[in-house]
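One structure is given here, and the rest of the page talks about it.
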There are 2 protein chains.
Amino acid sequence: MVQQEVLDRTFAALADATRRQILIRLGQGPASIGELAEPFGMSLTGMKKHVHVLENAGLVTTEKVGRSRRCRLGTERLEDAMSWIRFYQRLWERRLDGLDAYFTLNKEDDR
Amino acid sequence: MVQQEVLDRTFAALADATRRQILIRLGQGPASIGELAEPFGMSLTGMKKHVHVLENAGLVTTEKVGRSRRCRLGTERLEDAMSWIRFYQRLWERRLDGLDAYFTLNKEDDR
DNA sequence: TTTATAGTGAACCACATGGTTCAGCAAGAG
DNA sequence: CTCTTGCTGAACCATGTGGTTCACTATAAA
């Protein structure tokens with residue numbers, strides 16, 4: 001499924017504290033690579049890689065403006081991750097709700 | 001922050017389609033390593049590694065029963081990921097809500 | 001036109017990941 | 001006790017990740 005790859009990239013992009021902070025920073029408005037790199041004391045090249053990962057996941061969009069690159073928050077990708085978690089949560093809660101029934105009825109099938 | 005490491009591990013664990021399917025499978029009840037491995041045609045060793053990643057993230061708990069290992073869904077870790085996404089979403093939506101003000105008031109500060 | 005600045009790409013590094021095979025070990029069955 | 005089964009650990013492999021430095025391009029400024 002292509003949808004699986006989208007989830008892969010989205011969750012992987014979120015699995016890094018630096019990138020999560022970048023997202024929060026961009027929540028306050030667009031920024032250049034240099035402006036993003038500065039608070040982390042990171043090289044421009046390093047920051048560009050992070051931005052590239054976020055861009056690949058659709059969480060950020062960028063655009064070259066003059067000799068600078070303007071990075072902005074992407075739009076809908078996070079909703080994919082969110083809805084998967086919600087789906088899984090529903091599944092999990094349903095299991096908890098049925099725990100007593102599970103133990104009384106399915107004891108022999110508990111594998 | 002330790003909390004950041006928890007988020008790192010949780011999102012990283014979710015960033016793999018196989019592991020997401022394992023979680024869904026475990027939503028239907030506990031399973032052994034072999035039972036988890038079978039539908040993927042994967043070696044036991046490979047599956048154990050996946051389970052280990054999920055366990056490290058707190059998404060799954062396991063327990064040795066006889067010569068088999070019983071894997072169950074973990075409890076609260078997913079809520080961490082969920083609440084981070086919600087936090088970020090609020091931030092993002094607030095930015096969208098303020099877009100007009102942003103364009104009219106902060107045009108000169110658009111960097 | 002010269003020079004400073006912002007980003008880019010290639011090469012490199014150490015380490016993690018996702019998988020395998022093979023050799024064991026421990027528990028249950030006969 | 002012996003045999004089978006389920007899991008485990010070590011070793012290995014190819015690829016990805018998070019970071020660097022260095023050389024380069026392209027734009028903006030003087």
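Reminder, nothing fancy here: chain letters follow the sequence lines and each chain counts from 1.
A/Thr62 is not listed as a side-chain neighbour of A/Ile33, based on a closest heavy-atom distance of 4.5 Å or more.
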**Request:** Could you check B/Phe40 against B/Gln21 for side-chain contact (heavy atoms from CB on, under 4.5 Å), going step by step and ending with a plain yes or no?
**Result:** CA-CA 10 Å; B/Phe40 296 99; B/Gln21 285 196 240; 3.7 Å; yes
**Request:** Please assess A/Leu59 against A/Arg9 for the test side-chain contact (heavy atoms from CB on, under 4.5 Å), listing each intermediate value before the final yes or no.
**Result:** CA-CA 10 Å; A/Leu59 292 166; A/Arg9 282 202 290 266; over 6 Å; no
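Remark on DNA chain C: of its neighbouring residues B/Val53 and B/Thr45, the 5'-side contact belongs to B/Val53, judged by nearest-heavy-atom nucleotide. Map A/Val65 and A/Gly41 each onto its nearest nucleotide of DNA chain D; the residue landing nearer the 5' end is A/Gly41. When each of B/Lys49 and A/Arg67 is assigned the nucleotide of DNA chain D bearing its nearest heavy atom, the one mapping closer to the 5' terminus is B/Lys49.
In terms of heavy-atom proximity, A/Cys71 sits nearest to A/Leu26 at O-CD2, 3.4 Å.
A/Ser43 comes within 4.0 angstrom of a nucleotide base, judged by non-hydrogen atoms across all strands. Using a 4.0 Å heavy-atom distance criterion, B/Leu44 is classed as a base contact. Within 4.0 Å of B/Gly46, counting heavy atoms only, lies at least one base atom of the nucleic acid. B/Gly34 comes within contact range of the sugar-phosphate backbone alone, with a heavy-atom separation under 4.0 Å but no base atom that close.
Note: CE (B/Met47) to P (D/dG9) measures 17 Å, nearest angstrom. The separation between A/Arg70 atom CZ and D/dT27 atom P is 16 Å, rounded to whole Å. Going from atom CE of A/Met42 over to atom P of D/dT21 covers 12 Å, rounded to whole Å. Between the C1' atom of D/dC7 and the CD atom of B/Glu38 lies a distance of 17 Å, rounded to the nearest Å. Rounded to whole Å, atom C1' of D/dT17 lies 16 Å from atom CZ of A/Arg9. Nucleotide D/dC24 holds its C1' atom 14 Å from the NZ atom of A/Lys48, rounded to whole Å. Atom CD in A/Glu5 sits about 13 Å away from atom P in D/dG16, given to the nearest Å. When rounded to the nearest whole Å, the span between CG of B/Leu36 and P of D/dT8 equals 12 Å.
Think of the region where chain B sits on DNA chain C: with heavy atoms and a 4.0 Å cut, that region ends 5' and 3' at C/dG18 to C/dG28.
Using modelled atom types, one side-chain atom of A/Arg19 and one backbone atom of A/Ala13 make a donor-acceptor pair closer than 3.5 Å. Between the side chain of B/Arg72 and the backbone N or O of B/Glu63 there is no donor-acceptor pair closer than 3.5 Å.
The CG atom of B/Leu36 lies 11.5 Å from the OG1 atom of B/Thr18; values are rounded to the nearest 0.5 Å.
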